[in-house]
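Values below: every heavy atom of this structure, side chains too, minus hydrogens, waters and symmetry copies.
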Amino acid sequence: MRKREKFLVSSFVLSFALLGTQYVPLDFRLLGTALLFFVTYAMSAWALFDDLGGIEWFMVVPFPCLYAISVSLFYFLLPENILSKIAVLALFGVGMYAIYLTCNIFSVAKFRTIQLLRAAHAVSFLFTTLLIEFFFANTIFSLHLPFWANGLAISLATFPLVLISLWSIELKQKLDISLLHQAITVAVLMGELAIGISFLPTTLWAASLCIVGSMYAVLGVLVTKLSGRLFQNTVWEYVGVWIVMLLAFFAMVQWK
């Protein structure tokens with residue numbers, strides 16, 4: 001079976017696995033989500049096996065797993081509307097296939113230069129900042145946890161996403177300590193931001209978008225730096241986006 005056929009089969013199977021988690025009794029849904037993680041890891045390892053080796057088992061294969069559990073958790077929050085659930089299910093299948101293509105490029109790029117590598121970085125960055133982080137943040141804030149729990153949960157969800165994004169830029173076979181430190185720093189910053197947001201009378205979506213916008217700006221600067229394309233105007237572009245996002249966020253805060 002060719003790679004693209006494996007990607008299609010895996011995306012199809014995992015879409016039905018995601019649907020199956022919605023029929024798990026409420027008390028066992030977290031267990032169902034954990035099971036989905038392991039199923040996704042197994043399917044991803046099978047689909048990407050030909051070019052996997054070394055650190056990629058920890059940096060490439062977990063990427064679709066994080067996507068799967070973030071969508072699964074967000075899926076629980078949707079209203080009992082068949083159309084919305086079908087739309088998310090379709091988005092999940094298409095997104096999973098795109099992630100497999102991206103992971104495959106990362107796995108092959110260690111052997112030779114691939115023109116699509118920059119496009120793969122863009123797709124990875126899109127899923128990391130705009131989708132997976134948003135789904136995690138939306139789920140965490142919807143639980144109405146104490147402020148410290150919000151910060152801890154956001155940090156734990158952010159750390160692997162940032163680490164995978166930074167590692168994918170250079171695709172080294174050994175993990176640099178500097179990348180680990182940067183990932184921890186970004187995770188702590190997002191956790192502190194989540195703690196601050198917890199004290200503000202804001203909406204669930206505004207809080208989630210604030211986390212996503214901030215991560216977009218911080219991670220964007222780090223990724224650009226590792227790519228060797230960090231210039232002063234690039235930094236100001238990310239800062240400008242972050243400032244606009246903050247102004248929009250504070251405009252949505254219900255100060256009354």
> So which heavy atom on L89 is nearest to which on S15, and how close?
CD1-O, 3.3 Å

> Which value, rounded to the nearest 0.5 Å, describes the distance between I99 atom CD1 and F92 atom CZ?
8.0 Å

> Scan H181, E170, Q182 and name whichever one has a side-chain contact (heavy atoms from CB on, under 4.5 Å) with D176.
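Exactly one candidate clears the test, E170.
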
> Tell me which one of L145, I195, L193, L143 satisfies side-chain contact (heavy atoms from CB on, under 4.5 Å) with N150.
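Only one of L145, I195, L193, L143 forms a side-chain contact (heavy atoms from CB on, under 4.5 Å) with N150, namely L145.
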
> What are the two closest heavy atoms between A194 and I154, and how far apart are they?
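Looking at all heavy atoms of both residues, the closest pair is CB-CG1, 3.6 Å.
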
> Do Y216 and W242 have side-chain heavy atoms sitting under 4.5 Å apart?
no

> F134 vs W205, test: ring pair (Phe, Tyr, Trp, His ring centres under 6.0 Å). Steps then yes/no.
CA-CA 9 Å; F134 175 79; W205 287 78; 5.2 Å; yes

> Taking all non-hydrogen atoms of both residues, which atom of V123 and which atom of A98 are closest, and how far apart?
CG1-O, 4.4 Å

> Any non-hydrogen side-chain atom of L73 less than 4.5 Å from a side-chain atom of L30?
yes

> Flag the pair F135 / L77 as yes when at least one side-chain heavy-atom distance between them is below 4.5 Å, and no otherwise.
no

> Is there side-chain contact between L35 and V24, with heavy atoms separated by less than 4.5 Å?
no

> How long is the straight-line distance from CG of L117 back to OG of S227, given to the nearest 0.5 Å?
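Rounded to the nearest 0.5 Å, the OG-CG separation comes to 9.0 Å.
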
> Check whether any side-chain heavy atom of T40 sits under 4.5 Å from a side-chain heavy atom of Y67, and report yes or no.
no

> Is any side-chain heavy atom of M59 closer than 4.5 Å to one of L175?
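They are in side-chain contact.
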
> For R229, does the CZ atom sit with more than 12 other heavy atoms under 6.0 Å from it, leaving out its own atoms?
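Yes, because the 6.0 Å sphere around CZ of R229 holds more than 12 heavy atoms from other groups.
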
> Can you check whether F250 reaches L200 side chain to side chain, under 4.5 Å on heavy atoms?
yes

> Is it true that L152 and V186 fall in one hydrophobic cluster, defined by side-chain heavy atoms closer than 4.5 Å?
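No; tracing contacts between hydrophobic side chains, which count when under 4.5 Å, never links both residues.
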
> Just to verify, which of R4, K6, K3 counts as forming a side chain to side chain donor-acceptor pair (under 3.5 Å) with N104?
K3

> About how many Å separate CG of L179 and CD1 of I164, when rounded to the nearest 0.5 Å?
12.5 Å

> Start with the C-alpha distance between I211 and F136, add both sets of side-chain angles, then the distance that settles side chain to side chain contact (heavy atoms under 4.5 Å, CB included), and finish with yes or no.
CA-CA 10 Å; I211 294 292; F136 276 133; over 6 Å; no

> Please examine the side chains of H121 and I169, heavy atoms only from C-beta on, and report whether any two atoms are closer than 4.5 Å.
yes

> Test of understanding: clusters of I, L, V, M, F, W, Y form through side-chain heavy atoms closer than 4.5 Å, transitively. Do L209 and V244 belong to the same one?
no

> What's the shortest heavy-atom distance between L204 and S142, and which atoms?
CD1-N, 3.4 Å

> Indicate the atoms forming the closest heavy-atom contact of S155 with A187, along with that distance.
OG-O, 2.8 Å

> Measuring from L166:CG to S168:OG, what's the distance to the nearest 0.5 Å?
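Reported to 0.5 Å precision, the distance equals 7.5 Å.
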
> Could you state the interatomic distance from CD1 (I197) to CZ (F199), rounded to the nearest 0.5 Å?
12.0 Å

> Which heavy atom in L36 sits nearest to a heavy atom in A17, and how many Å separate them?
CD1-CB, 3.7 Å

> Go through it in stages, so that I can follow the logic: the residues are F16 and F12, the test is ring pair (Phe, Tyr, Trp, His ring centres under 6.0 Å), and I'd like the CA-CA distance, side-chain angles, deciding distance and then a yes or no.
CA-CA 7 Å; F16 276 94; F12 188 76; 4.9 Å; yes

> If you group Ile, Leu, Val, Met, Phe, Trp and Tyr by side-chain heavy-atom gaps below 4.5 Å, do Y100 and W57 land in one group?
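Linked, Y100 and W57 end up in one cluster.
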
